[in-house]
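Values below: all heavy atoms of this structure, side chains included; hydrogens, waters and symmetry mates excluded. Each chain gets a letter, A, B and so on, in the order its sequence line appears, and its residues count up from 1.
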Amino acid sequence: MPNLLTLLVQVAAVVVAARAVGWLFRRVRQPQVMGEMVAGILLGPSLLGWAAPGVSAWLFPPDSLGALSALSQVGLLVFMFLVGLELDPRLLRDRGRAALVISHVSIVAPFVLGAGLALYLYPRLSDDGVPFAGFALFMGAAMSVTAFPVLARILRERGLLRTRVGAVTIACAAVDDVTAWCILAGVVVLVRSGGAELPLWVTIGGSLAFAGAMLWGVRPLLARMEHTFRRRGSVTQDMLAAILLLVLAAAWTTEWLGVHALFGAFVAGAVMPKGEGFVHALNEKLEDVTVVLLLPLFFAFTGLRTAFGLVSGAEMWGYTALIVLVAVAGKFGGSALAARATGMSWREAGALGVLMNTRGLMELVILNIGLDIGVISPALFAMMVLMALFTTFMTSPLLEWILPARQIRAEAAARPAPQVDKAPPLSVA
Amino acid sequence: MTPETSGRLSAVRTLALYAGLVGIPILGLVAVLHAGQRLQAPPSVGGAWRVESVDGGAGECGPLARGAVLAVSQSGVYVTLAIGGEGDIVSIATRLDGDSLTGTVPATAACPRLDGARLVATVDRTSAPHRMAGRVVPADGRGAAVGFTATRLPVEARGAGAGH
């Protein structure tokens, strides 16, 4: 059938699947986004393509995937902008040295373990078209990311945002994400440098110039926009258009520089003013359509690229188990030990470790970039997707075991509330 | 202990924690990157390969025919060869050892006489373009072996089957 009709049917099918499976996962006290991720995978070769190949071929003919991919990338750009928008440097202020140590250890530990795992996986799952340094650094970055939006949602739903654990965790997750993205930008440049159109010095210099221009040129202008918002009391359509144009321009710039469009969108969000009302108003304008309509397309596109059938045989499942083990040991172990070493109780440290181990959507974004630039293979991609699903899935039940909800409510009732958190976090879950 | 003293101890403790929990792992990362320089990854064979000739046995069979495109998806030493069109795709899981691929052809209606046949192919990456020469030996002596050669297509022509 003609391409537009195909696209419309695809979008409808994806949205229905995402809401349905998301609802099922909420019923078992898992984040909505977990269900949407699984829905995307079920629509791919791992289930639909295997059980009903004719239906799959009719619904997702190869020549229609370009349009689906483009729409999903636009959704991802807006989502990354919203993630950057939620990041507030004030999160780390007044959290003390503990948050600084924990946040850096929670990056370094999984990063080093991931890079160490690369020593084992490189001769088995990579090829000589990929430099070891790029492979190892990518594995490190992929292991060290935390799903900041999902984590924020879990903390809010469980009433943990106003606790010490919640406050330190959200601050650490914010630092983690920014650092992981910076490292990933470097990995992309490193891997692409061989076949890049631009010389490396242009890419690096241009990226630094871009960051500087956004921080010291664009941000002051955006402050004026927030001032206008406070005067008018709402985000006008003209303001929204200007912001979206900024996102597109930033994404275009970083893509042209050879870094990746998503970084530009993320930076655009990060330099936005962080006034509570302004952030909330922008979220209201953009979040629902992004989360309900566009993000599931990204999950579906990821699902179409995820072939769990490639993970076959004891060897492959052994690699998968090893990846999960290293991911959990690095993130949970590193974060919990650092938290304990800075004076948190074992219970609080364990809760922090479990929360930091949540990888969710951010992991899928990074993995897709890795597959796009060829630094990971389809089989390794599938294994890492399994790791992302497993680590996200284990968060809620483990957290309930370590910090039961009724206990949190009782402790909160007995304690005066600390400083009020800002606008509601991104409700992607 | 005065507040000033406890403050200094806290700063010292923080510094020690940072050095131990962050500094040492970073040194470990440097060691990992250094050690990885000596590692050898399998040769890259992923992409699209055009079958140039099929001879021996009863010649062409099912999708294995001159001009057909072999889609090679590689994940390190695990290589999948897929050949055929819609409804007629045969996927062969192989293992790469040096420049040699070995695997077993699955049961397929496309070419029954090659069901369970053993595939052995060698990749020559010194030639330009890269060439692959292989033999498909039927199981249980069900006929003579089928030989084939293929050449690797340029990156632009590889499309979805490129894998890595």
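In this structure, the separation between CG on A:Asp127 and CD on B:Gln40 is 11.5 Å, given to the nearest 0.5 Å. Taking OH of B:Tyr18 as the start and CG of A:Leu100 as the end, the distance is 5.5 Å to the nearest 0.5 Å. Rounding to the nearest 0.5 angstrom, the gap separating the CG atom in B:Leu17 from the NE2 atom in A:His104 is 14.0 Å.
Other residues, nucleotides and ligands contribute at most 12 non-hydrogen atoms within 6.0 Å of the CZ atom of B:Arg50. Atom CZ of A:Arg340 has more than 12 heavy atoms from other residues, nucleotides or ligands within 6.0 Å. For A:Asp63, the CG atom sits in a packed shell: over 12 heavy atoms of surrounding residues, nucleotides or ligands are nearer than 6.0 Å.
Annotation: maximal heavy-atom pairing with chain A below 4.5 Å, among B:Gly28, B:Pro43, B:Ala93, occurs at B:Pro43. Between chain B and the options A:Gly54, A:Pro123, A:Ala379, the largest number of non-hydrogen pairs under 4.5 Å is found for A:Pro123. Your options are B:Val45, B:Leu39, B:Thr80, B:Leu29, and the one with the most heavy-atom pairs under 4.5 Å with chain A is B:Leu39.
Pairing each heavy atom of A:Asp128 with each of B:Ser44, the nearest pair is OD1-N, 3.0 Å. The shortest non-hydrogen separation linking B:Pro25 to A:Val108 is CB-CG1, 3.2 Å.
With B:Val22 as reference, A:Val105 is the one residue of A:Ile107, A:Val105, A:Val112 to meet the side chain to side chain contact (heavy atoms under 4.5 Å, CB included) rule.
Residue contact with chain B, scored on non-hydrogen atoms closer than 4.5 Å, involves the side chain of A:Tyr319 exclusively. The contact between B:Arg95 and chain A is made entirely by side chain atoms (from C-beta outward), counting heavy-atom distances below 4.5 Å. Using a 4.5 Å cut-off between heavy atoms, A:Ala136 contacts chain B through its side chain alone, with no backbone atom that close.
Counting only heavy atoms from C-beta outward, the side chains of A:Glu315 and B:Val77 never approach each other to under 4.5 Å.
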